Amino acid sequence: MSELIRLDRYISECGVLSRKQAVPAIKAGRVYVNGSIIDIPGYKIREDDEVTLDGNRLNYSRYSYYMLNKPQGCVSAVKDGLSDTVISYLKGVRTDGLFPVGRLDKDTEGLLLITNDGQLCHELISPKKHVEKTYYAVVDKELPEIAYEAFLKGLYIGEEKPCLPAILKKARVIEPYEGYGYELTITEGRFHQVKRMFYAYEARVTYLKRISEGGVKLDEELAPGEFRRLTDDELNKLKESEGLE
Ligand code: URA
């Protein structure tokens, strides 16, 4: 039998209203459960009960999926004694049980997925699944022509095994940064991998931003520190994502 859940929480987890907005909506008689008005926010229902808000059927999922445009200066963790965590940016949502999908360095910006779906997280970060992650990097030195082929073949970065094939492309340098711009697509998540791949050619990364993961692009409408729920389409892309090989 499915778990019992408060009606106001159920509605907020459907993503249509925040919990704070759900309470007056329930009290105003806008919510029906299995065909009857329920005006008690704490009323307990089952996940498979039929709930309508203003006549529209709600779709409940026990999992939540967000994209955060991670700003620099916060850590990709649930808790940290010293620094802000990425979870602290999810204002107004129920954050217990949520965690970041993998890690971005403290000084890296960009797309970070946050969920409470452990299975999807595992699939996205497993090196066996080869999920593509694309980064925009500004570096202080131009890479030689041979680097493109070396990245594609599998670059050694001081570990026993070479990196999996990675695609390097030149990119424009965005203001206010100076140097040489690149886009790099990798399918693993080794420690400081992007910085170490550039450093194999003595190029230091001065700015790093993840711009896509598993076919989902960072929403450029999100300023650093802003987040939103993933759309159904984005979630389907993630679930179907495959790598370069
Ligand atoms: N590679 C890095 O070096 N840093 C990141 O944050 C992500 C990938």
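Numbering of ligands and ligand atoms starts at 1, following listing order. For the single chain, residues carry numbers from 1 onward in sequence order. Here the structure is a predicted model, which means the values were calculated and not measured.
S12 and S18 share no donor-acceptor pair across their side chains, judged by distance under 3.5 Å alone. Under 3.5 Å, the side chains of K70 and S76 contain no donor-acceptor pair of N or O atoms.
L120 has its side chain within reach of K239: a pair of non-hydrogen atoms, C-beta onward, lies under 4.5 Å apart. Residues Y60 and I5 meet the side-chain proximity criterion, which asks for heavy atoms closer than 4.5 Å.
At a heavy-atom cutoff of 4.0 Å, ligand 1 is surrounded by L104, D105, T108, Y135, H192, Q193, V194, K195, L208.
For the pair D80 and K106, the salt-bridge criterion is not met [side-chain N within less than 4.0 Å of a carboxylate O].
In this structure, F198 and Y182 have tilted ring planes: the angle between them lies in the 30° to 60° band.
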